[in-house]
J.: 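Got a structure here, written out as structure tokens. Questions coming.
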Amino acid sequence: MLSSHQAHRDERQEASSAARPIMAIGILIFGLLGLLLSCLLSISVGAVNIHVHNVWQAIFSFDPSLPQHQIVRELRMPRAFAGAIVGACFAVAGVIMQGITRNPLADSGLLGLNAGAGFALAVCYAFFPHISILYTMFFSFLGAGLGAAVIYGLGSISSGGLKPVRLVLAGAAVSILFQALSEGIALYFQIGQDLSFWYAGGVAGTTWLQLKVMAPVTAGGLAAAMLLARKLNLLGLGDDVAAGLGVRINLVKLAALVVVMVIAGTAVSAVGGVAFVGLMIPHLARAMVGNDNRWVIPCSAVLGSLLVVWADIVSRLVHRPFETPLGAIIALIGVPFFLYMARRTERGL
């Protein structure tokens with residue numbers, strides 16, 4: 001009888017594991033279809049609603065003399081595409097950070113990217129107030145890289161190498177330092193209002209030029225994340241087990257942090273300090289497709305894109321014709337989720 005129950009249980013487990021790739025493929029197919037429809041809706045709604053027929057004409061039969069076609073091409077389309085790219089980047093960065101730190105509360109903000117980019121932006125506003133948005137984006141990316149480099153250095157400087165707890169503590173300390181420096185610069189040079197728009201986060205005002213820079217960089221970073229998926233699976237077994245299986249632990253972690261810096265740093269430099277996407281989406285993806293990062297990473301990218309695109313749609317509809325900050329909309333979901341995960345982690349579940 002016991003062996004029969006054991007056999008049935010094994011069969012159920014095998015069926016469950018076999019269903020996960022099917023679930024992942026379904027998420028990818030229907031998620032991408034939903035993302036396409038969501039982007040069309042994002043292009044249609046706003047302070048002025050534009051009929052889907054006019055959106056279609058603006059995309060495929062553009063007439064520069066028509067104001068609605070100009071709005072679609074120059075304002076709404078870059079905004080929708082930026083939301084999709086940024087959501088994918090933040091979500092995949094969260095998967096990687098949670099994988100290498102084995103911390104369920106980790107996201108790209110843990111690595112100091114948001115705080116570092118904010119500090120660089122404060123310096124730009126204070127000393128180079130008239131530089132173009134492309135240069136501002138570039139310096140924000142450098143600031144994000146600076147934050148990541150400082151935290152990685154502090155986390156690995158002592159004996160024992162880069163430990164998850166050490167990385168978390170270094171990230172918290174350096175993020176607070178950069179935020180304090182940014183606020184000090186903002187107060188001294190009276191640029192607090194300019195900086196507050198960036199901290200609120202949002203894809204409004206994204207240009208085709210920004211997308212032209214973002215797209216190849218983020219595409220390469222997301223492809224590199226997929227290449228690291230199997231190594232991340234092995235790291236999830238523990239450093240000792242992974243090392244016994246031939247994984248070069250420090251090299252893989254360094255490569256993973258570089259990927260996070262590239263994709264999340266580029267996203268932060270373009271749209272500001274949007275938080276919680278990288279925290280929530282990986283958990284949602286794992287709940288649906290399991291813990292195999294070869295499925296978690298692409299599904300997280302799609303789900304993250306959907307979240308940011310829909311949050312941007314809601315931000316335009318809550319208080320029309322005014323816009324609610326994108327970061328605030330996502331935080332309405334993210335803060336309760338963070339508290340839930342913190343409570344669950346404290347209980348050891």
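Worth knowing before you read on, the calculation uses all heavy atoms, side chains too, and leaves out hydrogens, waters and symmetry mates. Note that the structure is predicted; figures quoted are calculated from it, not measured.
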J.: So do the side chains of I50 and I71 get within less than 4.5 Å of each other, counting heavy atoms only?
T.: yes

J.: Report whether V271 and L209 are members of the same hydrophobic cluster (ILVMFWY, side-chain heavy atoms less than 4.5 Å apart, transitive linking).
T.: yes

J.: Where the side chain of E183 meets the backbone of A180, is there a donor-acceptor pair that is under 3.5 Å apart?
T.: no

J.: For the pair L245 and L237, evaluate side chain to side chain contact (heavy atoms under 4.5 Å, CB included) and give the outcome as yes or no after the intermediate values.
T.: CA-CA 10 Å; L245 294 173; L237 302 174; 4.1 Å; yes

J.: Say you draw a straight line from CG of N114 to OG of S140; how long is it, rounded to the nearest 0.5 Å?
T.: 11.0 Å

J.: Can you tell me how far the OG1 atom of T206 sits from the CG atom of L211, to the nearest 0.5 Å?
T.: 6.5 Å

J.: Surrounding CZ of F337 (heavy atoms of other residues, nucleotides or ligands, distance under 6.0 Å), is the total greater than 12?
T.: yes

J.: Within the distance-only criterion (no hydrogens, no angle test), does the side chain of S269 pair as donor or acceptor with the backbone N or O of T266 below 3.5 angstrom?
T.: yes

J.: Minimum heavy-atom separation for G265 and A144, please, with both atom names.
T.: CA-CB, 3.9 Å

J.: I'd like to check the side chain to side chain donor-acceptor pair (under 3.5 Å) partners of Q57; sequence neighbours left out, ordered by chain and number.
T.: H53

J.: Considering only heavy atoms from C-beta outward, does the side chain of F90 approach that of L307 to under 4.5 Å?
T.: no

J.: Which heavy atom of Q68 sits nearest to which heavy atom of N49, and what is that distance?
T.: NE2-O, 4.3 Å

J.: Taking all non-hydrogen atoms of both residues, which atom of W310 and which atom of S38 are closest, and how far apart?
T.: NE1-OG, 2.8 Å

J.: R316 vs S42, test: side-chain hydrogen bond (donor to acceptor under 3.5 Å, both in side chains). Steps then yes/no.
T.: CA-CA 9 Å; R316 282 175 271 172; S42 176; 2.6 Å; yes

J.: About how many Å separate CG of D107 and OG1 of T101, when rounded to the nearest 0.5 Å?
T.: 9.5 Å

J.: Please say whether more than 12 non-hydrogen atoms of neighbouring residues, nucleotides or ligands are located less than 6.0 Å from CZ in F62.
T.: yes

J.: Rounded at 0.5 Å granularity, tell me how far OG1 in T324 sits from CD1 in I329.
T.: 5.0 Å

J.: Within a strict 4.5 Å, meaning less than it, do heavy atoms of the Q98 and N293 side chains meet?
T.: no

J.: Would you name the heavy atoms of M214 and A270 that are closest together and state the gap between them?
T.: SD-CB, 3.4 Å

J.: For residues S300 and A285, report the shortest heavy-atom separation together with the two atoms involved.
T.: OG-CB, 3.3 Å

J.: Using a strict threshold of under 4.0 Å (side-chain N to carboxylate O), is an ion pair present between R20 and D292?
T.: no

J.: Could you tell me if the side chain of Q210 sits less than 4.5 Å from the side chain of V203, heavy atoms only?
T.: no

J.: Tell me, with the steps shown, if V268 and F141 meet side chain to side chain contact (heavy atoms under 4.5 Å, CB included).
T.: CA-CA 8 Å; V268 167; F141 177 78; over 6 Å; no

J.: Side-chain heavy atoms under 4.5 angstrom apart, residues restricted to Ile, Leu, Val, Met, Phe, Trp, Tyr: same cluster for L317 and V52?
T.: no

J.: Examine M288 and I29 and state if one hydrophobic cluster contains both, with Ile, Leu, Val, Met, Phe, Trp and Tyr joined whenever side-chain heavy atoms are less than 4.5 Å apart.
T.: yes

J.: Is there a side chain to side chain contact (heavy atoms under 4.5 Å, CB included) between L232 and I100 once you walk through the steps?
T.: CA-CA 7 Å; L232 292 176; I100 63 175; 3.6 Å; yes

J.: Less than 4.5 Å apart, any side-chain heavy atom of V86 and any of C89?
T.: no

J.: Do the side-chain N and O atoms of S44 and R76 include a donor-acceptor pair separated by under 3.5 angstrom?
T.: no

J.: Tell me, yes or no, whether the heavy-atom count around R230 atom CZ, taken from other residues, nucleotides or ligands under 6.0 Å, exceeds 12.
T.: no

J.: Within the distance-only criterion (no hydrogens, no angle test), does the side chain of W208 pair as donor or acceptor with the backbone N or O of R73 below 3.5 angstrom?
T.: yes

J.: Decide if the gap between the ring center of F189 and the ring center of F127 is smaller than 6.0 angstrom.
T.: yes

J.: Using 0.5 Å steps for rounding, measure from the CG atom of N54 to the CD1 atom of I43.
T.: 12.5 Å

J.: Tell me whether L142 shares a hydrophobic cluster with L113, the cluster being built from Ile, Leu, Val, Met, Phe, Trp, Tyr side chains joined at under 4.5 Å.
T.: yes

J.: Considering all heavy atoms of both residues, which atom of G238 and which atom of R102 are nearest to each other, and what is their separation?
T.: CA-NH1, 4.2 Å

J.: Within this structure, what is the CE-OG distance for the pair M137 and S132, rounded to the nearest 0.5 Å?
T.: 11.0 Å

J.: With the 4.5 Å side-chain cut-off for hydrophobic clustering, are F128 and I191 part of the same group?
T.: yes

J.: Quick one, V123 and F139 - any side-chain contact, counting heavy atoms below 4.5 Å?
T.: no

J.: Begin from the C-alpha positions of V259 and I96 and carry the test side chain to side chain contact (heavy atoms under 4.5 Å, CB included) through to its verdict.
T.: CA-CA 9 Å; V259 171; I96 296 174; 3.8 Å; yes

J.: My understanding is that only residues two or more places apart in sequence, or in another chain, count here; which of them pass ring-ring contact (aromatic ring centres under 6.0 Å, His included) with F60?
T.: W56

J.: Could you tell me whether the side chain of V318 reaches within less than 4.5 Å of the side chain of E323, counting heavy atoms only?
T.: no

